[in-house]
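Here is the naming used below: chain letters follow the sequence lines, and residue numbers restart at 1 for every chain. Remember, predicted model here, so these are calculated numbers, not experimental data.
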Amino acid sequence: MADDIRVRIAPSPTGPLHIGTARTALFNFLFARHAGGTFVLRLEDTDVARSTEAYEKDILDGLHWLGISWDEGPGVAGRSEAGPYAPYRQMARLPDYAAAAATLLAEDRAYPCYCSPDELEADRREQEANKLPPRYVGRCATLTPEERAAREADGRPAAVRFRVRPGVVAWDDLVRDRVEIDTFNLGGDFVIVRADGTPLYHFTVVVDDMAMGISHVIRGEDHVSNTPKHILLFDALGYPLPAFAHLPLILNPDGTKMSKRKSQTAVADYIAQGFIREALVNYFAFLGWSPGTEEDVLSLDEIIARFDLGKVQKGGARFDRERLEWLNGQWIRRLDDDDLVDRLLPFLEAARIAGQVDHVPSPDELRSLLPIVRERIPTLAAIVDMAGFLWRDDLGLDPAVLVPKRWGTATTRDGLAAARALLAAHDGVTWEAEELEPPLRSLVEDRGWKAGDLFMAIRVATTGQTATPPLFDTLVALGRERTLARLDAAIARLPAA
RNA sequence: GCCCCCAUCGUCUAGAGGCCUAGGACGCCACCCUUUCAAGGUGGAGAUCAGGGGUUCGAAUCCCCUUGGGGGUACCA
């Protein structure tokens, strides 16, 4: 049974990997892996004008990065083509579409259409003026052989139109149950091959799904109204229908279909901001699906084990970045040390190139910091805000923030100087958090200060910021020399009394 | 305009006639912890299940209507 289950994701390389594509790919992948079926990746690159190799790479790399692997797919970016139904890119399958079109033409299930763009545009305008839904008027549907020959002789280019038969098309959608659509509302006979000979999406998708033995078509809800066209084509081509499942759409926060204008849609942007694959996959899976339990942090394998198309929601789901960030934090806390260090390093390198830090720590140094930074970074990129002061030569201290709210300049100078003296008494061996804290606590008590005030002054003096990991751990990470030097520099910046 | 689809806290959702005075999570608020920021813990506010009709002994769950929202209406995919 499972051998018969074949699903696919068919991205079009006309833009970077979109969140919606990634989510659809994920659901196909989850369905295939759960059932032990086969997941196919096919590139729909017939929109030659907009397709690029760079987008192909971005899409495949992005899916790969997410952990969504395919069993059959095209050769792109170093990967080699694999699978018994190659090629897996439509521009390489042109002969198949030509053959299928020829068959439909021969059986009069389709016909050549000589209407010019201007004629079609005029038809449309007239329909609009009469408040009628746009549909092909059928000018070329009943041409006699002589009339066709005359047009050919005139050198008029012909597109190929598929004859839409009257009646109702229905299917049992795996997520929305029974759907019925009257073919009258399809807009008339539709074009399957352009006048320049290149095939159109509705046609190629059916020919390919047929050729590749696709058993379940799992795609976005925006395709529901296209499905009747595909069913008609499957019928005309004499192929048994695959099962259809239409997933709810991912919506902008305002409830409209997700768009670049209102949301961040490129997966690459989320990666660049330090979201990790575990969180993204977990989040996407729960947009429109839930295991029906109260679990909410699940790994890819756990999701595969629980996945069920029947539990997919029918209504669209709004994208909630706050929830994604929470999940990202959850997963960052679950990563093991070496793994987290490996993922953090590229962000520090990027920060160095961007001039946010002056140097990048060694893996060992970074690993030693993990206990104090890990629960403070919601994204990998946040490491720069949280601990960037450790790798910055000049803090660019603002004397104004150096002085605690309850303190004046004089007290701050006094406090920092006293703290500096106490800290200087430590050597490299006693430079440990447990050793540094007691003397400063005593100092606070002797002077009748609040610990928070002194600690905040030291914090700002040594890090340049008011939110940092625990102070004494921070001073240890900074090291004795730099701590003392920064305190000196800070004291020097405070105007003398 | 026309066609199709959808409808539970602000958001993601549990719920498949009695277990629901509707559960969880994010976010929010308070408290605890605490040197800051987080993380964590505890508690709280938050949904008359869009509204109205039915069906039923009984409806968030089934049916109908209304309203609201979304998607589609290409020689794009």
Nucleotide nearest A/K314 (side chain, heavy atoms from C-beta), chosen from B/C26, B/C3, B/C6: B/C6

Touch class at under 4.0 angstrom, heavy-atom based, for A/P470 against every strand present: base

Listed nucleotide nearest any side-chain atom of A/V191, set B/C75, B/G24, B/G72: B/C75

Sugar-phosphate, base or nothing in reach of A/N226, heavy atoms under 4.0 Å: base

Sugar-phosphate, base or nothing in reach of A/R124, heavy atoms under 4.0 Å: sugar-phosphate

Check: A/R176 side chain, B/C5 base, donor-acceptor under 3.5 Å: no

Proximal nucleotide (of B/C75, B/G27, B/G72) relative to the A/E322 side chain: B/G27

Opposite nucleotide pairing with B/A7, Watson-Crick or G-U, both atom distances under 3.5 Å: B/U67

Selected nucleotide, minimal atom distance to A/V179 side chain, candidates B/G71, B/C5, B/U36: B/C5

Touch class at under 4.0 angstrom, heavy-atom based, for A/P117 against every strand present: nothing

Sugar-phosphate, base or nothing in reach of A/G288, heavy atoms under 4.0 Å: sugar-phosphate

Sugar-phosphate, base or nothing in reach of A/R50, heavy atoms under 4.0 Å: base

Residue A/S225, side-chain atoms from C-beta onward, closest of B/A77, B/G24, B/G72: B/G72

Touch class at under 4.0 angstrom, heavy-atom based, for A/A317 against every strand present: sugar-phosphate

A/P242 side chain reached by A/F234 side chain, heavy atoms, under 4.5 Å: yes

A/V217 vs A/H230, side-chain contact (heavy atoms from CB on, under 4.5 Å): CA-CA, chis, key distance, verdict: CA-CA 11 Å; A/V217 173; A/H230 301 170; over 6 Å; no

First of A/F319 and A/P133 reached from the 5' end of RNA chain B, by closest nucleotide: A/P133

Proximity to the side chain of A/I181 - top-ranked nucleotide from B/C4, B/G71, B/C76: B/C4

Nucleotide nearest A/L200 when distance is taken to its side chain, options B/C75, B/U36, B/G72: B/C75

B/U11 base / A/R318 side chain donor-acceptor hit below 3.5 Å: no

Residues A/E119 and A/R156 bridged, charged N to O under 4.0 Å: yes

Sugar-phosphate only, base, or nothing, as touched by A/T256 at under 4.0 Å among non-hydrogen atoms: sugar-phosphate

Nucleotide nearest A/F455 (side chain, heavy atoms from C-beta), chosen from B/C75, B/C12, B/U35: B/U35

Nearest listed nucleotide, side chain of A/P134, among B/G1, B/U35, B/C76: B/G1

Side-chain-base donor-acceptor pair under 3.5 Å for A/R333 and B/A39: no

Touch class at under 4.0 angstrom, heavy-atom based, for A/K229 against every strand present: nothing

Sugar-phosphate, base or nothing in reach of A/H246, heavy atoms under 4.0 Å: nothing

Cationic N near anionic O, under 4.0 Å, A/K450 to A/D453: no

Sugar-phosphate, base or nothing in reach of A/S290, heavy atoms under 4.0 Å: sugar-phosphate

Electrostatic pair A/K314:A/E221 at N-O distance under 4.0 angstrom: no

Sugar-phosphate only, base, or nothing, as touched by A/T293 at under 4.0 Å among non-hydrogen atoms: nothing

Sugar-phosphate, base or nothing in reach of A/E128, heavy atoms under 4.0 Å: nothing

Position toward the 5' end of RNA chain B (nearest nucleotide), A/Y201 or A/F472: A/F472

Working for side chain to side chain donor-acceptor pair (under 3.5 Å), residues A/Q465 and A/T468: CA-CA 7 Å; A/Q465 50 198 60; A/T468 70; over 6 Å; no

Touch class at under 4.0 angstrom, heavy-atom based, for A/L120 against every strand present: base

Out of B/A38, B/U35, B/G23, whichever nucleotide has its closest atom nearest the side chain of A/E375: B/A38

